[in-house]
Student: 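One structure, pasted below without further comment.
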Amino acid sequence: MKLSIVIPAYNEEDNIQLLYDELTAVLSTNGFDYEILFIDDGSSDSTLQILKGLQENDPSLVVISFRRNFGQTAAMSAGFDYATGDVIITMDADLQNDPHDIPRLLDKIAEGFDVVTGWRHDRKDAFINRKLPSIIANKIISWTTKVSLHDYGCTLKAFRSEVIKNIKLYGEMHRFIPAIASGMGISFTEIKVNHRPRRFGTSKYGISRTIRVILDLMTVKFLLSYATRPIQVFGLFGFISGSLGFIIALVMTIQRQFFRIPLSDRPLLFLAILLIFIGIQFISIGLIAELQARTYHESQSKPVYFVRDVYRDTRESMDRST
Ligand code: UDP
Ligand code: MG
């Protein structure tokens, strides 16, 4: 079993050497067959030079250098594209994740889990702007995606490569890989991992990340639940809104025609019109989204299902393939 360790690094010059030493010590004492993929995400310090220096003396090191800063998610995707291992492990370059947790992640993979995520149960970051938003976000994400994890944000995770190779990442989505993968029917678990304070360099994120994560969550939720049947979300809203508007308009028409109650001075009329319009809009968006969903799946021959295995009579299938 070969391991690929994927590590995005953005301006981490003081951490690289220490991380490399600690990581390779853990990997070689455990006798793993491994490669380490560092992705230099357009650093403006000497991160790339240090990585290139290490790479010259170590054939198991792969350094991918980005032309500019594309973000942590993009860096991880690049790592996944270049990884050749059977198991992919992601971690931060800032020494906050502890390489000594890697063997424990792999034990869980060996037990049969497809995804193992780290839980920073004793997280060493500021409380108000990091830990508190994270606690709330984890609750919301667990609740909306129905994939219950204590810590979506922990980068230290292990994946079977077939899981990761089927996932495309956009925006800030790397943290949602377990939720996206659950849509494929994979099995996952979490283990408590060590977390250390940042010693060198600065964090690349602030409080604004929370908002971006919530927006990404909406995308993930939509993709997970409705990507193959958008009319059922939009159409439902449209139907409810349109019907409500129609009923109000109908009542007002009857009142006007048979009871001589004038239509003037009745704001309700505007509500009825608004609701009918919104209803038509939503249903139209739903129909357009249905077309989009077909384009999306069929243009890339993306199946709407994921097969684990196919059991069938092999003789027959060989006949058919000849
Ligand atoms: N990172 C990156 N590109 C970016 C921002 C961050 O590759 O645009 C890397 C960074 O070098 C680190 C990891 O992503 O290895 C996590 O970043 P950071 O430690 O700043 O996040 P925090 O731990 O504060 O959530
Ligand atoms: Mg960090």
Side-chain angles (χ1 to χ4, degrees), residues 71 73-74 77 114-115 117 133-153 163-188 208-251 267-308:
T73 300
S77 305
D114 298 311
V115 175
T117 66
S134 153
I135 291 169
I136 299 169
N138 283 313
K139 284 265 187 297
I140 299 176
I141 298 169
S142 296
W143 178 71
T144 33
T145 62
K146 307 279 181 294
V147 176
S148 247
L149 293 176
H150 286 94
D151 189 3
Y152 269 87
V163 173
I164 219 78
K165 299 270 181 192
N166 276 311
I167 295 178
K168 284 259 172 282
L169 298 175
Y170 300 91
E172 293 284 309
M173 295 229 173
H174 63 89
R175 71 187 54 243
F176 292 112
I177 298 173
I180 299 169
S182 83
M184 297 162 56
I186 59 102
S187 58
F188 56 90
S208 72
R209 178 162 67 183
T210 319
I211 301 158
R212 285 184 276 151
V213 166
I214 296 298
L215 290 174
D216 278 346
L217 172 64
M218 287 168 61
T219 314
V220 170
K221 173 68 189 169
F222 180 76
L223 289 178
L224 276 181
S225 316
Y226 299 107
T228 55
R229 49 195 182 106
I231 189 73
Q232 297 190 5
V233 222
F234 294 113
L236 184 69
F237 284 130
F239 189 75
I240 294 169
S241 166
S243 315
L244 218 63
F246 180 74
I247 292 167
I248 297 172
L250 189 68
V251 170
L268 214 53
L269 182 63
F270 293 104
L271 182 68
I273 297 169
L274 185 72
L275 286 174
I276 293 172
F277 262 85
I278 292 176
I280 296 170
Q281 293 270 19
F282 264 121
I283 291 175
S284 318
I285 292 173
L287 290 172
I288 292 171
E290 284 285 327
L291 287 181
Q292 286 277 11
R294 280 161 183 68
T295 317
Y296 172 76
H297 282 98
E298 288 162 25
S299 64
Q300 311 174 52
S301 330
K302 243 184 186 330
V304 291
Y305 52 80
F306 292 93
V307 175
R308 179 174 294 132

Student: Do Val213 and Ile141 come close enough that some side-chain heavy atom pair is under 4.5 Å?
Tutor: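 Counting from C-beta outward, Val213 and Ile141 do come under 4.5 Å.
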Student: At their closest point, which heavy atom of Asp216 faces which heavy atom of Gly171, and how far apart are they?
Tutor: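 Heavy-atom minimum between the residues: OD2-C, 4.0 Å.
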Student: Which pair of heavy atoms, one from Ile231 and one from Leu287, lies closest together, and at what distance?
Tutor: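 Ile231 and Leu287 have their closest heavy atoms at CD1-N, 3.7 Å.
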Student: Heavy atoms, side chains only, cut-off 4.5 Å: are Pro230 and Phe234 in contact?
Tutor: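 Result yes, sub-4.5 Å side-chain heavy-atom pair found.
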Student: If you count every heavy atom of other residues, nucleotides or ligands that lies below 6.0 Å from Lys165 atom NZ, does the total exceed 12?
Tutor: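 It does: Lys165 NZ has more than 12 such atoms within range.
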Student: Answer yes or no: is there a side-chain heavy-atom contact under 4.5 Å between His150 and Asn138?
Tutor: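 His150 vs Asn138: side chains apart.
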Student: Kindly check if the number of other-residue, nucleotide or ligand heavy atoms within 6.0 Å of CZ (Phe222) is above 12?
Tutor: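 Yes, CZ of Phe222 has more than 12 neighbouring heavy atoms, counting only those of other groups under 6.0 Å.
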Student: May I have all residue pairs that pass ring pair (Phe, Tyr, Trp, His ring centres under 6.0 Å) and include part of residues 166-188, sequence neighbours excluded?
Tutor: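 Every candidate ring pair (Phe, Tyr, Trp, His ring centres under 6.0 Å) pair involving residues 166-188 fails, so no pair, neighbours aside, qualifies.
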Student: Can you check side chain to side chain contact (heavy atoms under 4.5 Å, CB included) on Met218 and Lys221, steps first, answer last?
Tutor: CA-CA 5 Å; Met218 287 168 61; Lys221 173 68 189 169; 5.7 Å; no
Student: Could you report the tightest heavy-atom contact between Gly279 and Ser241, atom names first, then the distance?
Tutor: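 Heavy atoms only, the tightest pair is N-OG, 3.5 Å.
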Student: Nearest 0.5 Å, please: how far is CD in Gln232 from OG in Ser225?
Tutor: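 CD of Gln232 is found 11.5 Å from OG of Ser225.
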Student: State, with a plain yes or no, whether a side-chain heavy atom of Leu217 is found less than 4.5 Å away from one of Thr144.
Tutor: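 When only atoms from C-beta onward are counted, Thr144 and Leu217 do touch, with a gap below 4.5 Å.
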Student: Using every non-hydrogen atom in the two residues, find where Leu224 and Gly183 come nearest and quote the distance to one decimal.
Tutor: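 It is CD2-CA, 3.7 Å.
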Student: Please report the closest heavy-atom contact between Ala249 and Ile276, naming both atoms and the distance.
Tutor: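 Between these two residues, the closest heavy atoms are CB-CD1, 4.4 Å.
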Student: Arg294 and side-chain hydrogen bond (donor to acceptor under 3.5 Å, both in side chains): which single residue from His297, Gln292, Glu290 fits?
Tutor: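 The passing option is Glu290.
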Student: Do Val251 and Leu268 have side-chain heavy atoms sitting under 4.5 Å apart?
Tutor: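 SC-SC contact between Val251 and Leu268 ruled out.
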Student: About how many Å separate OG1 of Thr219 and CD1 of Ile180, when rounded to the nearest 0.5 Å?
Tutor: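 Rounded to the nearest 0.5 Å, the CD1-OG1 separation comes to 9.5 Å.
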Student: Any side-chain heavy-atom pair from Asp114 and Met184 closer than 4.5 angstrom?
Tutor: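 No, too far: nothing below the 4.5 Å cut-off.
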Student: Supply the atom-to-atom distance Arg175 CZ to Leu169 CG, rounded to the nearest 0.5 angstrom.
Tutor: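 Answer for the CZ-CG pair, Arg175 versus Leu169, is 12.0 Å.
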Student: Starting at CD1 of Ile177, measure out to OG of Ser77 and round the result to the nearest 0.5 Å.
Tutor: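 Ile177 atom CD1 to Ser77 atom OG measures 7.5 Å (nearest 0.5 Å).
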Student: Using side-chain heavy atoms (C-beta onward) and a distance below 4.5 Å, is Phe282 in contact with Ile240?
Tutor: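 No, too far: nothing below the 4.5 Å cut-off.
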Student: Looking only at heavy atoms, what is the nearest atom pair of Ile186 and Ala181, with distance?
Tutor: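 So the two residues come closest at CG1-O, 3.2 Å.
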Student: What distance do Gln281 atom CD and Phe237 atom CZ have between them, rounded to the nearest 0.5 Å?
Tutor: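 Answer rounded to 0.5 Å: 15.0 Å.
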Student: Is any side-chain heavy atom of Ile248 less than 4.5 Å from a side-chain heavy atom of Leu275?
Tutor: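 The answer is yes; the side chains approach within 4.5 Å.
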Student: Can you measure from CG (Leu274) to CD1 (Ile278) and round to the nearest 0.5 angstrom?
Tutor: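 These two atoms lie 4.0 Å from each other.
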